[in-house]
Amino acid sequence: MDEGLSAAVRKVFIDWYRAGLIYRGNRLVNWDPVLGTAVSDLEVNNVERDGHMWSIRYMATDGAASLVVATTRPETMLGDVAVAVHPEDPRYAHLIGHTLHLPLTGRQIPVIADDYVDKDFGTGCVKITPAHDFNDYAIGQRHKLPPITIFTLDAKVNDNAPEKYRGLDRYEARKAVLADLEAAGLLVETKAHKLQVPVSQRSDAVIEPMLTDQWFVDLTSDVQTDGRPGGRKAITEPALDAVRSGEIRFVPENWTNTYTQWLDNIQDWCVSRQLWWGHRIPAWYDEAGNIFVGEDEADARAHAATAPVGALRQDEDVLDTWFSSALWPFSTLGWPADGPVKNERGEVVANWQQDKIFLPSAVLVTGFDIIFFWVARMVMTTKYFTGKIPFREVYINAIVRDAEGQKMSKSKGNTLDPLDLIDGIALEPLVEKSTRSLLIPQVRAKVEKRIRKDYPDGIPAIGTDALRFTFAALASYSRTINFDIKRAEGYKAFCNKLWNAARFVLMNLPEGQIAAPQGLPATEAERWILTRLKQTLAEVEQHFVSYRFDHLAQALYEFVWNEYCDWFLELSKPALNGDDAAAAASTRHTLLVVLESVLRALHPVTPFITEEIWKDVGPKLGLTEGSLIHRPWPKADDIVADHAATGEIEWFKNVLSGIRKIRSEMNISPARTIPLLFADGDASDHARVTKFAAQISFLARTETPQWIEVGTDEPASAAAVVGALRVMIPLAGLIDLEAEKARLAREISRIEVEIRKCEGKLGNANFVANAPAEVVAQERQRITDWNTTLAALREQAGKL
RNA sequence: GGGUGCUUAGCUCAGCGGUAGAGCGUCGCCCUUACAAGGCGGUGGUCGUAGGUUCGAUCCCUACAGCACCCA
């Protein structure tokens, strides 16, 4: 173990001990009889198991009466010290204060009254075994009944029990006890019962509550007997306040409740473990059992109030692993040394004097499953020992589950190795790998079956960037992520798309650097894509601030694919190949500039592919950083918006989509060049058609568009409507007249539905009176637009 | 028992008071000179159930159901 961190652990233990905040006590703890160690409450899982509820009769010593207790653990009766009933239970009021024969033991125990007892559960009588049940322990304390431990540390019956049961395992003892009760006629009833069984997280062994000597951190007392502050005041409350006051913020916010609720109900922290690895507890005992705590034996002696009796012996136990983890925020910065900390090669690895400025750090990223284990305890120790909070924000990420929503775990064989997702793996090796460590044949068969069903072709190679992008895209505020490989495959396609877009841009550039054009970019398409880039970057920045990586990934995905690739790259083709040299030069530069900004924005999410592409892109812009990671973050503010251009391009997209839709629905081959006519429309439509004629022809594969003058005959055509403009494709030889009529009819009825919805709203006096003016205005605008479209569609239908 | 979430298209998930969205799947046409890991165009949802608040509810409130997790 690293000496610097060991020093931190020792100092914390010793300081807390000398402040009266760590104590050694004989307490009931969660004992793992397989590992032979105490474990903390947090390391115990309660699982539902099928068991039994046994009813046992205890006879009163006066011979007149008896009562029946119900229990799920009959063997613990060997350690019973009383039977409790509810003080207001009329059935048993007459027995309170009497004594009972405890069967099989020859002991006598009292009947006591305690309102912990639930009158309606079982028989209303509860056997009290303080040494092996937490609730019973509390009752025992209240009634000053000394506990009787009946198990050894490996859960076998000990010498406090009658001889016949000694040495039996707790479950063998159960059988023996039941058999003897049965024989004595005292077993009244046996019935099936579902019960909560405490199970050790690490060993899966059933926990046995056991009275042992352990070390505890006081987190619950307000004030010590000598007047010094107790653990609640000194440790727990400052940690609560740090979050309650907003000094530390959880993202998503609702985890604040989880944190505060736990701290509000916290118990003292059992920090000793009977394991052979870990930080050894810096405590020594003399032959009289006195405790000496210190850096080492000499220090411990020096700080002792009394002289030790005989030789000192160090505690064999080690500290809970979370004890040292709790110190991470400051132990890693060199604390408790007050200067440079060197490693074994003499290199300075930390220096508290300098490094403490990194406290608090900005953010801790972690899973909600260790909010108690780790987050809360870091806050406690950091506040106590440095007076500062450890971090300002705690981002709680979701936990990844398999496609069926099951928590991934090695014992279930449903884990996915990230490397297998990145590189791909064939079915057989995947099956072998997933079942290799499974020892139970039934589980093995089940896992194999599931894998063959879920991944019949193995796992395709997703790639590092695509996997990273996938997790970003899945990182919403929800608490679980059901991992679906299909989603990752989609994002793999995105990486491919980006790669190909870059190839297109680069292959269209001449040798050498690409200079920026004088003044504004020459074309509206450029000014539009720059405006959209500006908006996207602004959005991305917001999503970083709010930790919405899913929205961030989505925004960049949409910009790259749906706008840059689908529209700008396509629009650049006529510009690059057209006659306007200035437009071509300007477009080349804009293609490059937007790509370079996108690479920067995507770099945190897809670091490798962006870096690789940038190696070619950066130099073309004369950038000197040499590596994408050295480039500054792209700022929305650095880009000039042009909203007029946006309007122009939106119009263009509508016209083009209209033509494409007709082509597709009328089954006109994409390769075929078709005639194109425009009719009606306003002055701006005329100007736009003139401006975009070449691009429309190029991208829609049409002949040069022609206008139909008002009043002249027009050929039967299929038409799309954009505002008041009719975009028409003559039918002759291309289109089925009936099919077009049907298509128009569908379109008309769809719009009529929309109009009726609008009319319904606007016809409602309450809506007009109560809704905000802008909502009403928006509704009026919509109905106007729909009516314009409808009129154009009807005119077109009439012409057929 | 206490608590916290979730329930939206076939699947995985966004949206959370004012025209229901994405990816994958699916259907049709296309190997069009960056990309078939692609292009273009479709299909698909009374937003768990029942009440309530509101001019208006997938969104807010209440109850219920189902699922998940946390703490006893």
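As a basis for the values below, the full set of heavy atoms in this structure was taken, side chains included, without hydrogen atoms, waters or symmetry mates. Treat the numbers as computed from the prediction; the structure is a model and nothing was measured. In what follows, every chain begins at residue 1, and chains take the letters A, B, ... in the order their sequences are listed.
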Are the side chain of A:S717 and the backbone of A:A719 linked by a donor-acceptor contact shorter than 3.5 Å? no
Rounded distance in Å between the [atom1] positions of [N] and [M]:
{"N": "B:U7", "M": "B:C16", "atom1": "C1'", "result": "14 Å"}
{"N": "B:G18", "M": "B:U54", "atom1": "C1'", "result": "12 Å"}
{"N": "B:G45", "M": "B:G10", "atom1": "P", "result": "7 Å"}
{"N": "B:U33", "M": "B:G21", "atom1": "C1'", "result": "35 Å"}

Separation of [N] [atom2] from [X] [atom1] (nearest whole Å):
{"X": "A:L474", "N": "B:G23", "atom1": "CG", "atom2": "P", "answer": "15 Å"}
{"X": "A:D550", "N": "B:G23", "atom1": "CG", "atom2": "P", "answer": "15 Å"}
{"X": "A:I659", "N": "B:G39", "atom1": "CD1", "atom2": "C1'", "answer": "16 Å"}
{"X": "A:F559", "N": "B:A22", "atom1": "CZ", "atom2": "P", "answer": "19 Å"}

For [N], take OP1 and OP2 only and decide whether either is under 4.0 Å from a side-chain N or O of [X].
{"X": "A:K573", "N": "B:A34", "answer": "yes"}
{"X": "A:N496", "N": "B:A37", "answer": "no"}
{"X": "A:K761", "N": "B:C55", "answer": "no"}

Taking A:K492 first and then A:E489, would you say they form a salt bridge - that is, a charged N and a carboxylate O separated by under 4.0 Å? no
For A:R782, is there an ion pair with A:E754 - N to carboxylate O distance below 4.0 angstrom? yes
So which protein N/O to nucleotides 5-10 of chain B N/O distances come out below 3.5 Å?
none

Tell me if the side-chain of [X] makes a donor-acceptor pair with the base of [N], cut-off 3.5 Å, by modelled atom types.
{"X": "A:K497", "N": "B:C35", "answer": "yes"}
{"X": "A:R746", "N": "B:U43", "answer": "no"}
{"X": "A:E570", "N": "B:A34", "answer": "yes"}

Between A:I422 and A:L467 the two heavy atoms that sit nearest each other are CG1-CD2, 3.8 Å
Locate the shortest heavy-atom distance separating A:I662 from A:A718; write the atom from each residue and the value. CG2-CB, 3.7 Å
Assert yes or no for the condition that the ring centre distance of A:F698 to A:F692 is strictly below 6.0 Å. no
For the rings on A:Y557 and A:Y491, is their centre-to-centre separation under 6.0 Å? yes
